[in-house]
Amino acid sequence: DLDAAKQQLEEFIPHVRNISDNSVRKMAGRDLARFKEFKKQGIAVKFGRFSKKENEQIRKNVEDFLSATGIDSAEKLLFTYRYPEDKGTIHRLKAKHLFCEKLSEGIPRPWRLIYYRARKMFDPNNYKGRYTDEEKEKLKKYHALHGNDWKKISEMMSRSNLSVAMKYSEIKSAVNYGPWSKEETRKLMNAVEEVIRKRLGTEEEDSHSLSEKSSEDLLVDREKLSEKLPWTEIEAKVGTRYWRQCKQKWNTVLINRLTKGQQLFRGTKGLQTKINLIKRLYEMDVEDPNDLNWEEFNNIIGDVPKAYVQGKLYKLKVSVPFWQKKTFS
DNA sequence: CGAACATCCCTGGAGTGAAG
DNA sequence: CTTCACTCCAGGGATGTTCG
């Protein structure tokens, strides 16, 4: 019946064949019935970032559950282990009032993702802004003491465990900051070329020495230049920078190459570009910024990387007064 | 004021372990 | 074995800051 489950799920989760048997079993038990119910109502299973509407729905579901059970805070509900004295009671209430079902009500996504999202939203240790230098030192010290026990460290730092784990991976080894040297940039470009070659399965690396690699014998689709690159591998090859720095630098290199001399965002041409962006946005008629389909912005500015369009659109967005208080539509 | 750089948050995949 | 609760990782995207 694992195969039967896969077959039924495939309709809702097209990539289900790539998911491990364990996860499929879980989804079959927990989500299949929900997905079918949504389908009856003509609602498709959703992926990608949660929209404002969905976040509101989660808030409502949590509030409803709290008032139904009398549990007095979302933190107690979602981080039960922080309240050892109430643990037994809360677990019983969760089971009795069908926590899983209620939490995911009205949201056409796999249960696990809704649960995970809710925990982030209601974790008082989350969304705490930038780390101070003292915090970074503390984090290093705690990691030296407790290793990868992120749960423990997160309690000690009053930051979410995801946040501390991520921050640590960023600061664990000393990296350079500030402008990239010519040498670093060259290393980065070599690294990217290497991984793309490897991916394409070209055996040329054996026959060509590094120095005689020329760019004209490698033609790849534009998307392959910036998407799904193995950044941790590239980080290792560059050696002096963190992978996110590498990703960003690569994007600026790519943008400069692809827009060379076009002055896309200056002068009257710049104004026209902005107008085009706004027009396209208007035509797309999306309710939520998280529902934007970046592919549809292709060729609005010119033949530029996705990251360029994303950056420009962001700048436009924040140039609207009080943009944070306004709805997208 | 835009480009470059820094650093935050999010997604979706996989995995674990306890309890029944 | 199933269900519930929790965790980690790799990569993508958003937002803040600095500088020429």
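Order of the sequence lines sets the chain letters (A, B, ...), proteins ahead of strands, with each chain counted from 1. Model, not experiment: these values are computed from the prediction.
- A/R159 comes within 4.0 angstrom of no nucleic acid atom, judged by non-hydrogen atoms across all strands.
- Counting non-hydrogen atoms under 4.0 angstrom, A/G270 reaches nothing in the nucleic acid.
- Atom C1' of nucleotide B/dA4 and atom OH of A/Y314 are separated by 15 Å, given to the nearest angstrom.
- Each of C/dA5, B/dC8, C/dG12 was ranked by its minimum atom distance to the side chain of A/Y131; first place goes to B/dC8.
- The nearest whole Å value for the distance from the CG atom in A/L313 to the C1' atom in C/dT15 is 14 Å.
- Using a 4.0 Å heavy-atom cutoff across all strands shown, A/W294 reaches sugar-phosphate atoms only and no base atom.
- As judged by a 4.0 angstrom heavy-atom cut-off over every strand, A/K315 is placed among the base-contacting residues.
- Which of B/dA3, B/dG12, B/dC9 sits closest to the side chain of A/L113 comes down to B/dG12.
- Looking at the side chain of A/M166, the nearest of the listed nucleotides B/dA3, B/dC10, B/dC8 is B/dC10.
- A/Y116 contributes a side-chain N or O that forms a donor-acceptor pair with the base of C/dC8 under 3.5 Å.
- Using a 4.0 Å heavy-atom cutoff across all strands shown, A/K274 reaches sugar-phosphate atoms only and no base atom.
- Atoms CZ (A/R244) and P (B/dA6) sit 13 Å apart, rounded to a whole Å.
- At the heavy-atom level, A/W180 lies under 4.0 Å from the strands shown only through sugar-phosphate atoms.
- Residue A/P110 is out of contact with every strand shown, counting any heavy-atom pair closer than 4.0 Å.
- The side chain of A/K306 approaches C/dG13 more closely than any other nucleotide in the set B/dG12, C/dG13, B/dT7.
- You won't find any donor-acceptor pair under 3.5 Å spanning the side chain of A/Q248 and the base of B/dA4, going by distance alone.
- The side chain of A/K120 sits closest to B/dT11 out of B/dT11, B/dA6, B/dT7.
- Of all nucleotides listed (B/dT7, C/dA5, B/dG2), C/dA5 comes nearest to the side chain of A/Y115.
- With hydrogens and angles ignored, a donor-acceptor pair under 3.5 angstrom links the side chain of A/K247 to the base of C/dG13.
- Rounded to whole Å, atom P of C/dC9 lies 11 Å from atom OH of A/Y242.
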